[in-house]
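Quick note on labels: first sequence line is chain A, next is B, and so on, each numbered from 1. The structure displayed is predicted, hence computed values, not measured ones.
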Amino acid sequence: MPPLRVSEWRKLPLSLTELCINTTLRCGQSFRWQKINDEWNCVLHGRLLSLKQDESFLHYKVTWPKSSSSPRKPAVLPKEIGDIDIQQGDDTEALIRHYFSLKHDLAALYDQWSESDPNFKKKAPKFTGIRIISQDAWETLVAFICSSNNHISRISQMVHKLCVHYGPLIGHIGDEAFHDFPSPQALTGKTVEAHLRELGFGYRAKYIAKTALIVSTTKPEGWLESLTNPESPGWAPVSIPVRDEPITYKQAHEELLLLTGVGPKVADCVCLMGLGWSEAVPVDTHVWQIAQRDYRFGKTKTKTFSKAMYDSVGDHFRQIWGPQAGWAQSVLFTANLKSFSEQAAADPKSVDIEVEIKQEIESESSLNLNSRKRRTMAIVEQVKVEDDEPSGVTAISRKRRKTRK
DNA sequence: GGTACGCCTGGTTT
DNA sequence: AAAACCAGGCGTA
């Protein structure tokens, strides 16, 4: 019996338009993938997964830890796994299909977004194959607590430190050790905050420690997962507390806001990437810039923007792009990232005019929508007025009430 | 309900 | 080269 159980390379037929891992794994969704030579590596659900891609296939290989230290070889398998995998005792293909949400036809979605949004149509062709990946909710929560007022390289370092110091060791590639992400329990303890500060987490050390404590001690098992979109169930088989009514995106968002270090932006990141709410649109400074530059949101005098503005940007994009707005947002977000700037080309002016005209039409047609959407547009229109006549709408975001301990 | 300000750190710019 | 500046926000007053 070998110390490590390594599978052969297998492959899934998949075009680069349906998924481009080189973009999707680098665009600030996940902070744990490491590229070694031409292979992307990451520990997911207790195994080391390696990926590489060519024009027609996604190739994957899995390495299981030594059996004794294996945290969880899945005892209970989710329902939708193919028979072959169950018989082989390897659910990795199912994991990949879930992780990348391969049931969605991405090319069709791009077509749909392009049809309803000239700006998307202009930007997207150079950024195909970008998907929202379905990550573990707890990891997503902690990673995006780290992301506040921070940049991708440092976020990646911090997440790596969490894994190395608190997560279970799964395997090696060369000299590189690969750990899984630590559980809430592993991050609960009196020394955690001080230690994380030593490790360079800054003020986020407290947020992580407090959030881990809340989740592991004051919430029932599976609480975070219970905020998952029922139409997009999670992958890991966890027991989830029952709810009287199906949870909504807004409810999940509100519940997350009660955690320390979680504001509207982080809550939306968790909703979108960790809980399957594809309509969640995280509005950070980049998305705000995009909204101002390409979608006629007005200039503000203040550096920050208000919760009302935050909601209005999200509602606007949901109206344009529909129920998968968060997916569309990630495409434009990536196109706007500095690290991808070489991919973005100079844009012809003619399209800008087209965008403006389209925007006007959308504003008018919105009057025929229901009252909720009318209110949304009213706010947006207000913002647009500010654009023409900058006077007062500054804005800032505030959190509602947090249960202070 | 809206606004200003401090916060850790480190990569990047000046 | 040292010193600002800023980066995928949030909590507090």
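On the C1' atoms, C:dC5 is 15 Å away from B:dC8, given to the nearest whole Å. Straight-line distance between the C1' atoms of C:dC10 and B:dG11: roughly 22 Å, to the nearest whole Å. Across B:dG1 and C:dT12, the matching C1' atoms stand 15 Å from one another, rounded to whole Å. Taking the P atoms as reference points, C:dA4 lies 16 Å from B:dG6, given to the whole Å.
Annotation: side-chain hydrogen bond (donor to acceptor under 3.5 Å, both in side chains) contacts of A:Ser147 (sequence neighbours excluded): none. Take A:Arg204 and apply the salt bridge (charged side-chain N to carboxylate O under 4.0 Å, His left out) test, not counting sequence neighbours, and it matches no residue. In this structure, the side-chain hydrogen bond (donor to acceptor under 3.5 Å, both in side chains) partners of A:Arg32, at least two apart in sequence or on a different chain, are A:Glu139.
Between the side chains of A:Ser134 and A:Ser101, at least one donor N or O lies within less than 3.5 Å of an accepting N or O. A:Thr260 and A:Thr211 form no side-chain donor-acceptor contact under 3.5 Å, judged by distance and modelled atom types alone. Using modelled atom types, one finds a donor on one side chain and an acceptor on the other under 3.5 Å when comparing A:Arg47 with A:Thr92. There is a side-chain donor-acceptor pair under 3.5 Å between A:Tyr166 and A:His195.
Using a cut-off of 4.0 Å between Lys/Arg side-chain N and Asp/Glu carboxylate O, A:Lys123 and A:Asp117 are scored as not salt-bridged. Ion pairing of A:Lys210 with A:Glu193 is absent here, as no side-chain N (NZ or NE/NH1/NH2) approaches a carboxylate O to less than 4.0 Å. For A:Glu93 and A:Arg97, the salt-bridge test passes: some basic side-chain N is under 4.0 Å from an acidic carboxylate O.
Side-chain contact between A:Leu49 and A:Ile96 is present, with at least one heavy-atom pair separated by less than 4.5 Å. Side-chain contact between A:Ser50 and A:Trp9 is present, with heavy atoms from C-beta onward closer than 4.5 Å. For the pair A:Phe144/A:Pro282, no side-chain contact is recorded, criterion being any heavy-atom separation below 4.5 Å from C-beta on.
Contact check of residues 266-286 of chain A against DNA chain B (heavy atom, cut-off under 4.0 Å) returns no residues at all. Using a 4.0 Å cutoff on non-hydrogen atoms, the parts of residues 139-153 of chain A near DNA chain B are A:Asn149, A:His151, ordered by number. Residues of residues 195-206 of chain A having a heavy atom closer than 4.0 Å to DNA chain C, listed by number: A:Tyr203. Taken residue by residue, residues 21-31 of chain A places heavy atoms nearer than 4.0 Å to DNA chain C at A:Cys27, A:Gly28, A:Gln29.
Annotation: salt bridge (charged side-chain N to carboxylate O under 4.0 Å, His left out) contacts involving residues 217-243 of chain A, sequence neighbours excluded, comprise A:Arg243-A:Glu255. Under the side-chain hydrogen bond (donor to acceptor under 3.5 Å, both in side chains) criterion, the residue pairs touching residues 326-337 of chain A are A:Arg293-A:Asn336, with sequence neighbours excluded.
Rounded to a whole Å, the CZ atom of A:Arg154 is 17 Å from the P atom of C:dC6. Taking atom NZ on A:Lys210 and atom P on C:dC10, their separation rounds to 16 Å, with Å as the unit. The CE atom of A:Met309 sits 16 Å away from the P atom of C:dG9 (whole-angstrom rounding). Rounded to whole Å, atom P of B:dT9 lies 13 Å from atom CD1 of A:Ile208. Rounded to whole angstrom, the span from the CZ atom of A:Phe305 across to the P atom of B:dG1 amounts to 18 Å. Rounding to whole angstrom units, NE2 of residue A:His253 and C1' of C:dC10 are separated by 13 Å. In this structure, A:Met158 atom CE and B:dC8 atom P are separated by 12 Å, rounded to whole Å. If you take OH of A:Tyr207 and P of B:dT9, they are 14 Å apart, rounded to a whole angstrom.
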Report each atom pair, protein N/O against N/O of nucleotides 2-5 of chain C, whose distance is under 3.5 angstrom.
none

Secondary-structure notation, DNA chain B, from Watson-Crick and G-U pairs under 3.5 angstrom (| other strand): ..|||||.||||||
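Between A:Thr228 atom OG1 and A:Leu224 atom CG the span is 7.0 Å, to the nearest 0.5 Å.
Side-chain atoms of A:Gln53 come within 3.5 Å of backbone N or O of A:Leu19 as a donor-acceptor pair. Of the possible polar contacts, one joining the A:Gln29 side chain to the A:Ile133 backbone as a donor-acceptor pair under 3.5 Å is found.
Side-chain to base pairing of A:Lys265 with C:dG8: one donor and one acceptor N or O lie within less than 3.5 Å of each other.
Taking only side-chain nitrogens and oxygens, A:Gln289 never comes nearer than 4.0 Å to OP1 or OP2 of C:dG8.
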Please list, one pair per line, the donor and acceptor atoms closer than 3.5 Å that link side chains of residues 261-280 of chain A to other protein atoms, with sequence neighbours excluded.
{"from": "A:Asp268", "atom 1": "OD1", "to": "A:Tyr249", "atom 2": "OH", "distance (Å)": "2.6"}
{"from": "A:Asp268", "atom 1": "OD1", "to": "A:His253", "atom 2": "ND1", "distance (Å)": "3.0"}
{"from": "A:Asp268", "atom 1": "OD2", "to": "A:Tyr310", "atom 2": "OH", "distance (Å)": "2.6"}
{"from": "A:Trp277", "atom 1": "NE1", "to": "A:Leu227", "atom 2": "O", "distance (Å)": "2.8"}
{"from": "A:Ser278", "atom 1": "OG", "to": "A:Pro323", "atom 2": "O", "distance (Å)": "3.3"}
{"from": "A:Ser278", "atom 1": "OG", "to": "A:Gln324", "atom 2": "OE1", "distance (Å)": "2.8"}

